[in-house]
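Quick note on labels: first sequence line is chain A, next is B, and so on, each numbered from 1.
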2 protein chains.
Amino acid sequence: MDEALRAVADPTRRAILVLVREREVSAGDIARHFPDISRPAVSQHLRILVAAGLLDIRRAGNRRFYRLRPEGLAEAATFLKTMWSASLDRLRDAAERQERARNGEDGVRGSR
Amino acid sequence: MDEALRAVADPTRRAILVLVREREVSAGDIARHFPDISRPAVSQHLRILVAAGLLDIRRAGNRRFYRLRPEGLAEAATFLKTMWSASLDRLRDAAERQERARNGEDGVRGSR
DNA sequence: TAAGTATTTAAGCAACATCTTACATACTTT
DNA sequence: AAAGTATGTAAGATGTTGCTTAAATACTTA
């Protein structure tokens, strides 16, 4: 999961993921979507995404087709979602607690 | 979202998030959980997490209490979950397609 | 108000990430 | 087999990150 989250931290790599999430796309076609960076740079991003388990490769003749690999995303997505819901739970608790506090306390909880 | 995902890419910062996901924790208590790195290092991580919108601060006298901020996680979690489900959809489609392909094609699709 | 406690900010450095150019590999077509 | 096309690997320059120590800020207590 560590690798997956590090991989997803880069905006270029996220754009690549979006590009291949519906259908497989060849390395060249991917690179064409990023005119500002060289083909080798894209190739390196692809390597990192594959190593992180986020992409699958299919080699067909000359070309290599990349596509999203759901298993790779699962762990990372679950981590964030878990944190997110735990945080929401805590928020709800805090709201209740605050309501109770309105009666017995004055202003300790204010930020100022 | 860019900032949130970059923030979450670091393992120390993820550990901090886990630490404060249920209840608020003071900077000192957080730092105590990471004996291997200095207090200023932890403070810097906290700054990054706050800047990314992932943490809230409550200042109380001398101390500062940090806690998870669900809104900050929402975007990032949604991004990953969206990608993940899109990828699963594609997988299902591919399975169907492959079944159809068993009839009319020979072995182009194998990786070897 | 002086000393103590909790925490952050500043400055500098070492490690790592990302980009580029040049070269290598591997298939395809003539 | 030679030339062409698609892609990856290597090496090095540059920018960014994350750490450390030293100093500053902010609040508390004697």
*Asks:* What pairs with Ala27(A) under side-chain contact (heavy atoms from CB on, under 4.5 Å), at least two apart in sequence or on another chain?
*Replies:*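 Here the qualifying residues are Leu46(A), Tyr66(A).
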*Asks:* Find the distance between CZ (Phe79(B)) and CG (Asp2(B)) and round it off to the nearest 0.5 Å.
*Replies:* 10.5 Å
*Asks:* Does any N or O in the side chain of Arg14(A) come within less than 3.5 Å of the main-chain N or O of Ala9(A), such that one atom is a donor and the other an acceptor?
*Replies:* yes
*Asks:* Do Arg6(B) and Asp10(A) sit within salt-bridge range, that is, some charged N less than 4.0 Å from a carboxylate O?
*Replies:* no
*Asks:* Quick one: side-chain contact (heavy atoms from CB on, under 4.5 Å) partners of Ile48(B), sequence neighbours excluded?
*Replies:* Ala7(B), Arg13(B)
*Asks:* Scan residues 1-14 of chain B against DNA chain D and write down, sorted by residue number, each residue with any heavy atom closer than 4.0 Å; if none is found, say none.
*Replies:*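 Here the set is Arg6(B), Asp10(B), Arg13(B).
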*Asks:* Polar atoms only, N or O, under 3.5 Å: list the protein pairs with nucleotides 25-30 of chain D and their distances.
*Replies:*
{"residue": "dC27(D)", "atom": "O2", "partner": "Asn62(B)", "partner atom": "OD1", "Å": "3.2"}

*Asks:* With sequence neighbours left out, what residues match Asp29(A) under salt bridge (Lys or Arg N to Asp or Glu O under 4.0 Å)?
*Replies:*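 Applying salt bridge (Lys or Arg N to Asp or Glu O under 4.0 Å) to Asp29(A) gives Arg32(A).
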*Asks:* Would a distance-only check, ignoring hydrogens and angles, find a side-chain to backbone donor-acceptor pair under 3.5 Å from Ser85(B) to Lys81(B)?
*Replies:*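 Checked: pair present.
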*Asks:* Within residues 29-46 of chain A, which residues have any heavy atom lying less than 4.0 Å from an atom of DNA chain C?
*Replies:*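 Result for residues 29-46 of chain A: Asp36(A), Ile37(A), Ser38(A), Pro40(A), Ala41(A), Gln44(A), His45(A), sorted by number.
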*Asks:* By the 4.0 Å heavy-atom rule, please label Tyr66(B) as base, sugar-phosphate, or nothing.
*Replies:* sugar-phosphate
*Asks:* Taking only side-chain nitrogens and oxygens of Arg63(A), does any of them come within less than 4.0 Å of OP1 or OP2 of dT5(D)?
*Replies:*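 Looking at the OP1 and OP2 atoms of dT5(D), neither is under 4.0 Å from any side-chain N or O of Arg63(A).
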*Asks:* With distance as the sole test, does Thr82(B) use its side chain to make a donor-acceptor pair with the main-chain N or O of Thr78(B) at under 3.5 Å?
*Replies:* yes
*Asks:* Evaluate the side-chain proximity of Leu54(A) to Arg69(A): yes if any heavy-atom separation is below 4.5 Å, no if none is.
*Replies:*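 In short, these two side chains do not touch, never coming nearer than 4.5 Å.
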*Asks:* Calculate the interatomic distance between Arg58(A) atom CZ and dA6(D) atom P; express it in whole Å.
*Replies:* 16 Å
*Asks:* Apply side-chain contact (heavy atoms from CB on, under 4.5 Å) to residues Phe65(B) and Ile57(B) and explain how you reach the verdict.
*Replies:* CA-CA 6 Å; Phe65(B) 291 92; Ile57(B) 314 183; over 6 Å; no
